[in-house]
Amino acid sequence: MTFIGCQNSSSELSPKLIKNNKGEIYISLVNDYFEKTTFDLTNEEVSQINQLLIQAVKQMESDENITINLNDYKRQYCAYINPKGEKVVHVNCLCSVRGDAWQRGYESVLGGGKCFFGGTINLSLQKFSDFYTNAPK
């Protein structure tokens with residue numbers, strides 16, 4: 001008897017560094033965000049984050065009267081469990097990075113205006129909140 005196993009690729013853990021169609025790393029999954037209880041993201045969860053991020057950016061553009069092209073940003077997804085037991089991801093977007101340190105740990109940036117923005121995505125509730133750009137340069 002032969003058994004062939006199939007695992008849905010969307011439920012597989014995502015790689016820690018995700019490349020765009022140009023072969024450039026544009027998303028880093030970092031788990032050192034403010035010493036929270038962290039978890040590893042699956043491919044499906046990364047896809048959900050990407051979709052909710054598009055909605056969050058549209059809302060932020062409207063609220064702040066700005067234009068954001070997500071293709072111009074490196075992203076950090078910091079996944080953790082909140083006190084209610086919900087899966088939450090802090091999203092950190094950076095239009096300018098030096099070197100590859102952003103790929104290994106959370107980058108905190110002061111100022112920079114719309115070059116740096118972030119917010120929170122609650123995967124359990126499929127909602128986003130608190131998306132805003134950094135203080136002006």
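Every residue was checked against the salt bridge (charged side-chain N to carboxylate O under 4.0 Å, His left out) condition with K127, not counting sequence neighbours, and none meets it. Among residues two or more places apart in sequence or in another chain, the side chain to side chain donor-acceptor pair (under 3.5 Å) test is passed with Q103 by none. In this structure, the side chain to side chain donor-acceptor pair (under 3.5 Å) partners of K16, at least two apart in sequence or on a different chain, are D40. Remark: K87 engages E45 in a salt bridge (charged side-chain N to carboxylate O under 4.0 Å, His left out) (not counting sequence neighbours).
For residues 103-113, the set of pairs meeting the salt bridge (charged side-chain N to carboxylate O under 4.0 Å, His left out) definition, not counting sequence neighbours, comprises D100-R104. Annotation: salt bridge (charged side-chain N to carboxylate O under 4.0 Å, His left out) contacts involving residues 62-74, sequence neighbours excluded, are absent.
V46 and L13 end up in different hydrophobic clusters when Ile, Leu, Val, Met, Phe, Trp and Tyr side chains are linked at under 4.5 Å. When hydrophobic clusters are built by joining Ile, Leu, Val, Met, Phe, Trp and Tyr residues whose side-chain heavy atoms come closer than 4.5 Å, directly or via intermediates, V97 is not grouped with I27. When hydrophobic clusters are built by joining Ile, Leu, Val, Met, Phe, Trp and Tyr residues whose side-chain heavy atoms come closer than 4.5 Å, directly or via intermediates, I81 is grouped together with I121. Linking Ile, Leu, Val, Met, Phe, Trp and Tyr residues whenever their side-chain heavy atoms come within less than 4.5 Å leaves L17 and F39 in two separate clusters. Taken together through direct or relayed side-chain contacts under 4.5 Å among Ile, Leu, Val, Met, Phe, Trp and Tyr, L94 and V91 form parts of separate hydrophobic clusters.
Atoms OG and CZ, on S108 and F116 in that order, are 10.5 Å from each other to the nearest 0.5 Å. One distance of note links CD1 of I49 with CG of L123; it measures 5.0 Å at 0.5 Å rounding. For the atom pair K58 NZ and F131 CZ, the distance stands at 14.0 Å (nearest 0.5 Å). For the atom pair N31 CG and L41 CG, the distance stands at 7.5 Å (nearest 0.5 Å). Atom CE of residue M60 and atom CG of residue L53 lie 8.0 Å apart, to the nearest 0.5 angstrom. Of the inter-residue distances, the one linking I68 atom CD1 with C95 atom SG reads 8.5 Å to the nearest 0.5 angstrom.
A donor atom on one side chain and an acceptor atom on the other are not found under 3.5 Å apart for R75 and Y73.
Side-chain atoms of Q76 come within 3.5 Å of backbone N or O of G105 as a donor-acceptor pair. For the pair N82 (side chain) and E86 (backbone), a donor-acceptor distance under 3.5 Å is present.
The side chain to side chain contact (heavy atoms under 4.5 Å, CB included) test with F117 singles out one residue from T133, V109, N92, and that residue is T133. Here the rule is ring-ring contact (aromatic ring centres under 6.0 Å, His included) with H90, and of Y77, Y106, Y80 only Y106 fits it.
Contact of the S129 side chain with the N122 side chain is not registered, since no non-hydrogen atoms from C-beta on lie closer than 4.5 Å.
In plain terms, the two heavy atoms of S11 and T42 that are nearest each other are O-CG2, 3.5 Å. Shortest non-hydrogen contact noted between N50 and Y26 is ND2-OH, 4.4 Å. The two residues S96 and C115 have their closest heavy-atom pair at N-SG, 3.9 Å.
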Report task. Would you sort out whether I18 and I25 count as a side-chain contact (heavy atoms from CB on, under 4.5 Å), showing the intermediate values? Result -> CA-CA 6 Å; I18 301 171; I25 296 170; over 6 Å; no

Query raised in the report: Step by step, would you call T120 with V89 a side-chain contact (heavy atoms from CB on, under 4.5 Å)?
Result: CA-CA 6 Å; T120 303; V89 179; over 6 Å; no

Report task. Take N43 and S47, measure what side-chain contact (heavy atoms from CB on, under 4.5 Å) needs, and give me the verdict at the end. Result -> CA-CA 6 Å; N43 290 328; S47 179; over 6 Å; no

